[in-house]
Amino acid sequence: MRSAFLLSIYSLWAVSVNAYANPKACTGTCGNAHDPALIRRDDGIYFRFSTGSKIAIHSAPSLTGPWTYRGAAIPKGSKINKGGKDDLWAPDVQKVGDTYYLYYSVSAFGSQNSAIGVATSSNLDKDSWTDLGTTGIESASGKPYNAIDSNLYLANGQYYMSFGSFWHGLYQVKMANPPKKIASGAASTNLAYVPSGEHAQEAPLIYKYGSYYYLFFSAGKCCGFDANRPAKGAEYKIQVCRSSSPTDGFVDKSGKKCTEGGGTTVLESHGWVYGPGGQGVFNDPSQGPVLYYHYVDTRIGYADGQKLFGINNINFSSGWPVV
Ligand SMILES: *[C@@H]1O[C@H](CO)[C@@H](O)[C@H](O)[C@H]1NC(C)=O
């Protein structure tokens, strides 16, 4: 009785102060993990792709490691002839039929001169990727979005790419099948927008659980925390909106439209965890849905090169993801 009472007091407290679980212990190479993208190969090996080093590839026998560096996915840089073609960002990796698709961003920090590229592989490993160049999702000064941070989603036989951003927020466009290019004549639609401040919102990702499509994204300042720490709360955090459609109508827990600044926080700085973001959600065969991301461990250091790979189980039983 007494312990049940204490437990319920504890859960009230946990809900009211957002007591987030710490990231699971990770072994091996848990750095070099900016904007991670996770996939599990049929032989049970996990592959992690991340920003920089021409898309770094790591693999591990389990989600928590030990992670080993295997090499660069696109060692010669992208075929896309834009600044940043040798410094590729924010990978997304998906299996389509028997082929793995790796989407990546070519850009320069703070610039809208950007494109989303694609490479394909039969086995995920280094030396296996063929770069196909641009998907046709591109941006330049004057566009409402920045063509970075892509995520492919298949719904009812149609592929969609969500991407962006800053500027006018997160966007989505229909893709051809197979998803190497945008669908002919497809126009981009707005998924989310924060009208105030710097419109600091990027890295959309759609994940379906039950009857809802969840739009996860990162809000705030991502990078350079060692040189320039933002005001408390303005650093990266992970937020979500949901909808019964994968293409529009996303609202947060309070019912606020994601296109009007809505966004419910899933994970933010807590304890020694600072600025979590660049997230993905992965349905692990043994653990169920996990949220993965990069974060700063304040006991180690705030530089971009010190960011670590974080993983937590997430629980959707309330209808909203809880870490
Ligand atoms: C998910 O959260 C609910 C409500 O807090 C809890 O009853 C349930 O046991 C949790 N599920 C898991 C798998 O932890």
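The structure presented is a predicted model; accordingly, all values stated were derived computationally and were not measured. We count ligands from 1, going down the list as the structure has it; atoms in each ligand are counted the same way.
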Undergrad: I'd like to know if Asp252 pairs up with Arg242 as an ion pair, taking the criterion as any Lys NZ or Arg NE/NH1/NH2 lying under 4.0 Å from an Asp or Glu carboxylate oxygen.
TA: no
Undergrad: Between Val93 and Trp67, is there shared hydrophobic-cluster membership here, with clusters defined by ILVMFWY side-chain heavy atoms closer than 4.5 Å?
TA: no
Undergrad: Using heavy atoms and a cut-off under 4.0 Å, could you grab the residues that are in contact with ligand 1, chain by chain, numbers ascending?
TA: Asn315, Ser317
Undergrad: Identify all side-chain donor-acceptor contacts of residues 173-181 below 3.5 Å with residues at least two apart in sequence or on another chain.
TA:
{"unit_1": "Lys181", "atom_1": "NZ", "unit_2": "Thr134", "atom_2": "O", "d": "2.9"}

Undergrad: Looking at residues at least two apart in the chain, or sitting in another chain, which of them share a side-chain hydrogen bond (donor to acceptor under 3.5 Å, both in side chains) with Asp297?
TA: Arg299
Undergrad: Do we see a donor-acceptor contact under 3.5 Å between the side chains of Tyr104 and Ser78?
TA: yes
Undergrad: Under the side-chain hydrogen bond (donor to acceptor under 3.5 Å, both in side chains) rule, collect the residues that match up with Asn228, sequence neighbours excluded.
TA: none
